[in-house]
Amino acid sequence: MKFTYIFFTYLLLFVHIGTKASTLFQQDTTKKIGAEKTFSSPDSIRTDTLKKNSKQSQINDVIKFTAADSSVYDAKNNVWYLYGKARVTYGEKEVDAGFIKLNQKDNTIFAKGKIDSLGRFSGLPIFKDPEQGALTADSVFYNFKTSKGKIYQVYTEQEGGYITGGKIKKQQNEEIHLKGVTYSTCNLPNPHQHFGIVITKGIATENQIITGPAYLVIEDVPIPLVLPFGFFPKPNKRASGIILPQVGEDATLGFFLRDFGYYIGLNDYWDLTLKGGIYSKGSYEANAASRYTKRYKYSGNLFFSYSSRKFGVEGTPEFENPTKDFRIQWSHQQNPNARPGSTFGASVNASTSGAFRNVPGNNFNSIIQNQLSSSISYSKTWANSPFNLSTALTHSQNLTSRTVTLGLPSLNFGMSTLNPFDKKDRIGEQKWYQRIAVGYSLQADNQLNTTDSLLFKKETLSKIRSGIQHNIPISMSSKVLKYFQFSQNLNYSEKWYFQTIRKNYIARPTTTGTKDSLGIDTIPGFRRASDYSLGGGLSTKIYGTVNFKKGKLVAIRHVFTPNVGFSYRPDFGQPKYNYYDSVQLDQSGRRQAYSIFENSLYGGPGQGKSAAITFGLENNIEIKMKSSKDTTNSGIKKIPILQGLSLNGSYNFVADSLKLSQLGFSGRTFFTEKLGISFYGNLDPYVFQKEIVSGQLVGRTINKYRWEQGKLPRLTNFGFSFDYSLNSNTLGKNNKANNPPTGNSPDLFNRVNAEQADQLRQISRNSNAFVDFNVPWNLSFYYNFSYSNTGLTKALVQTLNANGDFSLTPKWKVQFNSGYDFQNKAISLTSFSIYRDLHCWDMAIRWIPFGPFQSYNVDLKVKASILQDLKLSKRREYYNQF
């Protein structure tokens with residue numbers, strides 16, 4: 001199978017080789033040359049400009065030549081001999097060499113190198129053509145009149161590839177004859193030391209390439225696999241064509257022909273690639289990819305794939321019921337200058353869960369991917385106007401729970417905050433009423449929550465939730481008593497819905513009695529729900545500094561920020577608002593109130609009156625140290641010790657019970673200058689009482705403070721986390737300790753734009769192409785701890801994740817990714833990667849040693865992308881049974 005695979009790959013390479021080889025020495029049509037001679041130069045450097053009016057030679061372009069050592073003219077034969085850094089220029093073409101013979105009679109030039117007094121060969125001819133680039137050879141013969149030429153032992157680079165050795169002859173009819181040349185992406189003088197493809201003979205014309213026998217050489221050893229001849233079209237523009245397949249074997253799916261298809265060049269702005277694959281045990285796959293672009297306006301790409309894969313052994317349910325997966329991706333970027341004031345963009349990534357985990361060759365990042373999200377958005381702003389509009393179709397998907405949330409679509413219309421009573425030409429400070437600020441926002445949504453198996457069911461459409469919400473915030477702030485900031489606010493909100501709910505009591509007879517249950521009816525019809533609240537706040541900052549005259553410690557600074565506020569909200573659960581109803585719970589007649597907007601998109605107005613005081617404290621502590629390394633601040637370095645240590649809560653005066661809320665705290669502290677921890681938690685001030693009801697342990701919070709029993713508030717949840725990264729060059733300068741996350745880090749692909757996300761996916765697909773061998777080592781880790789206590793149960797989560805890489809030698813790089821769950825006492829998904837830089841080759845080994853995704857793959861391939869199909873691969877997928 002390996003030789004079969006190499007044969008197909010080898011055949012594919014000649015499409016690239018022929019295209020590159022045919023670009024050598026394609027000249028313009030024959031130019032005419034005339035005769036006129038002027039000569040003026042010092043003895044050491046001679047320059048001549050010639051024109052011949054001979055009708056026979058028909059020369060009219062200017063020939064210029066120079067020589068650093070000497071020049072000799074043979075008047076009898078009309079030949080110039082140029083020695084030492086000789087140069088001949090003819091139009092836009094130029095030849096440099098150690099020795100050049102210019103025959104003005106025959107209109108020919110011969111160039112070669114020379115041997116110096118120490119026996120060293122130097123001054124190899126360099127032929128420069130602005131259309132074809134430059135090449136180096138042992139010797140060059142060229143006829144200016146006929147544009148025919150011969151090059152011996154050529155060495156030239158053509159778009160990432162190198163053509164060396166042999167003989168190249170350019171005919172007058174623009175044909176190029178090749179003999180004994182080697183094509184390779186290796187830049188060594190002798191590419192056979194690594195690899196090369198030897199073309200024994202061939203002809204390249206403007207539209208086609210014909211080659212004779214060709215064979216592959218690796219480490220100076222010819223591979224006994226010869227392609228007897230080749231015929232390849234060579235269009236000079238984008239054209240359609242067949243894509244040759246990969247040939248191989250998968251231990252579970254069987255022998256395969258994969259990634260064969262057809263490329264269609266639709267036009268200069270749009271193309272389409274169709275690919276498919278078949279497996280001997282009945283699996284198949286197909287995909288379509290398209291790219292489009294319009295300069296200065298937009299660009300993007302589309303991808304869709306579908307697969308049906310049979311796992312297991314024939315006759316088993318896994319084999320008889322194939323796994324069917326699909327995936328769709330769309331990325332669209334608009335040039336910001338294309339339509340000023342409006343933008344349109346798309347980043348779509350949706351699939352079934354198996355589309356990532358059931359695909360041969362998928363990498364570590366694809367296997368562990370759990371969240372997908374998409375957005376198709378449009379936004380509009382009006383010049384010299386406070387209004388803006390945005391709308392989006394959104395999608396989020398959990399591949400583990402298989403839940404899907406769709407926004408179909410969402411719309412936001414807003415107005416920036418205005419001061420309606422202020423004057424544009426005001427002189428002096430604002431009066432109190434001129435500081436009144438008014439804003440407006442409208443949000444409309446259609447949202448569907450379901451599972452991927454029910455997504456395309458007809459009855460699923462009835463579960464779409466719709467709503468419109470208006471918000472009008474009014475605020476004003478001012479300074480009081482010089483040091484206090486006083487703010488007031490009034491918020492009005494109105495929600496529009498097109499359906500509400502009604503609950504009813506259902507008593508169902510059973511063999512042991514009656515079972516109580518509740519039924520929920522959806523009532524169509526327009527309903528509005530409005531609510532408002534008002535409040536105010538007072539805050540200030542208090543500074544405290546302690547200075548030290550001796551030692552490295554210069555000062556300790558403490559910034560204390562207290563704030564207190566008041567908020568009021570009416571009881572919208574009163575019957576006059578008609579926002580709440582009640583339902584019977586059991587046969588005893590016990591009733592319970594519920595909101596008719598329950599489970600609606602934005603919820604309904606709150607039940608119960610609220611008149612509360614809010615309070616909060618924030619602390620920041622930093623020290624100043626003397627430092628000889630820090631010269632930007634007079635040798636004083638500021639080191640944060642404690643940042644954002646805050647405590648917040650509220651007290652509702654009109655509540656029946658439990659007037660004091662839970663107390664929340666959070667902050668960040670630092671062990672060292674570059675390693676910090678962020679933490680958070682909540683404290684419950686009330687007594688939690690446990691009791692047995694109907695043989696079950698239940699609990700409830702009673703209206704009694706814990707400190708009345710001599711106890712501190714109960715810790716209901718607590719968590720802290722930190723991450724740290726460093727490498728041999730920065731030693732942690734790029735770590736994130738100064739801004740650590742407060743919880744699980746969000747998916748990176750959700751924090752970047754579509755173009756950056758596409759670049760990240762390219763890195764994920766071919767990570768060995770982005771390995772930096774210049775950095776000896778990198779290390780980063782993330783630790784997360786969380787604790788929760790409901791009063792009845794306690795839960796603890798503690799994880800440590802680490803990844804990094806290090807260079808065993810300047811050519812060997814090892815990468816790893818792993819973690820540990822302390823609660824479950826298990827190692828998380830672990831992978832190792834080993835990269836070997838083989839100059840013009842890459843070797844990559846990826847290994848997941850244990851767990852449900854245990855697998856490995858080994859790839860040895862040419863580094864250059866132009867020969868990306870020249871590779872050998874060995875892999876074992878995690879789903880293979882043997």
Side-chain angles (χ1 to χ4, degrees), residues 429 435 475-489 535-567 612-651 660-685 705-707 712-713 715 717-724 732-733 735-742:
E429 294 185 359
R435 288 193 291 269
S475 62
M476 184 180 70
S477 63
S478 58
K479 282 188 176 182
V480 296
L481 300 177
K482 193 177 180 178
Y483 298 107
F484 294 89
Q485 189 73 26
F486 181 57
S487 62
Q488 309 98 56
N489 62 80
L538 189 69
S539 65
T540 188
K541 287 183 180 293
I542 302 174
Y543 299 89
T545 304
V546 178
N547 296 311
F548 299 89
K549 296 181 179 180
K550 296 181 180 181
K552 289 187 175 181
L553 182 60
V554 177
I556 300 177
R557 187 188 189 197
H558 179 203
V559 181
F560 177 63
T561 307
N563 65 82
V564 63
F566 175 78
S567 65
I613 287 181
T614 60
F615 53 87
L617 305 171
E618 183 176 339
N619 298 268
N620 289 279
I621 300 175
E622 65 179 15
I623 62 174
K624 293 182 179 180
M625 299 285 294
K626 293 180 181 179
S627 175
S628 58
K629 297 181 180 179
D630 193 342
T631 59
T632 58
N633 296 303
S634 302
I636 303 298
K637 179 187 291 187
K638 294 181 180 179
I639 302 176
I641 300 299
L642 194 61
Q643 287 188 333
L645 177 59
S646 61
L647 179 68
N648 298 280
S650 64
Y651 187 87
L660 181 62
S661 70
Q662 287 197 5
L663 304 176
F665 64 91
S666 63
R668 299 184 299 276
T669 186
F670 294 85
F671 289 126
T672 68
E673 182 181 354
K674 297 173 182 177
L675 178 60
I677 291 181
S678 79
F679 56 90
Y680 62 92
N682 284 285
L683 300 170
D684 189 349
Y705 296 114
R706 287 176 60 88
W707 51 74
L712 295 174
L715 185 66
N717 66 78
F718 173 74
F720 67 91
S721 62
F722 64 88
D723 64 350
Y724 190 73
K733 291 181 180 179
N735 71 78
K736 305 173 186 176
N738 292 331
N739 188 23
T742 56

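Index from 1, following the sequence.
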Does any part of the side chain of [Y], heavy atoms only, come nearer than 4.5 Å to the side chain of [X], both counted from C-beta?
X	Y	result
P562	T540	yes
Y680	N717	yes
P713	D684	no
T545	R557	yes
F484	F486	no

Next item on the list: Go through the steps for S646 and N648 under the test side chain to side chain contact (heavy atoms under 4.5 Å, CB included), then give the verdict.
Entry: CA-CA 7 Å; S646 61; N648 298 280; 3.7 Å; yes
Which atom of [X] lies closest to which atom of [Y], heavy atoms considered:
X	Y	value
M625	V554	C-CG2, 4.2 Å
S650	T614	CB-CG2, 3.9 Å
R435	S478	NH2-CB, 3.5 Å
K482	K479	O-CD, 4.1 Å

Can you tell me how far apart [atom1] ([X]) and [atom2] ([Y]) are? Round to the nearest 0.5 Å.
X	Y	atom1	atom2	value
K552	K626	NZ	NZ	10.0 Å
I623	L642	CD1	CG	12.0 Å
F665	L683	CZ	CG	5.0 Å
E618	F560	CD	CZ	10.5 Å
L663	N682	CG	CG	8.5 Å
Y651	S661	OH	OG	11.0 Å

Checklist line | Stepwise side chain to side chain contact (heavy atoms under 4.5 Å, CB included) check, F548 with I556 | finding: CA-CA 8 Å; F548 299 89; I556 300 177; 3.8 Å; yes
Check: Relative to each other, are the rings of Y705 and W707 parallel, tilted or perpendicular (30° and 60° limits)?
Finding: parallel
[X] side chain to [Y] backbone, donor-acceptor under 3.5 Å:
X	Y	answer
R668	I677	no
S666	F679	no
S475	S487	no

Margin query: Show, in sequence, the C-alpha distance, side-chain angles and deciding distance for H558 and N620, and conclude whether the side chain to side chain donor-acceptor pair (under 3.5 Å) test is met.
Written below: CA-CA 6 Å; H558 179 203; N620 289 279; over 6 Å; no
Next item on the list: Just do the side chain to side chain contact (heavy atoms under 4.5 Å, CB included) check on F670 and I639 with the steps written out, would you?
Entry: CA-CA 9 Å; F670 294 85; I639 302 176; over 6 Å; no
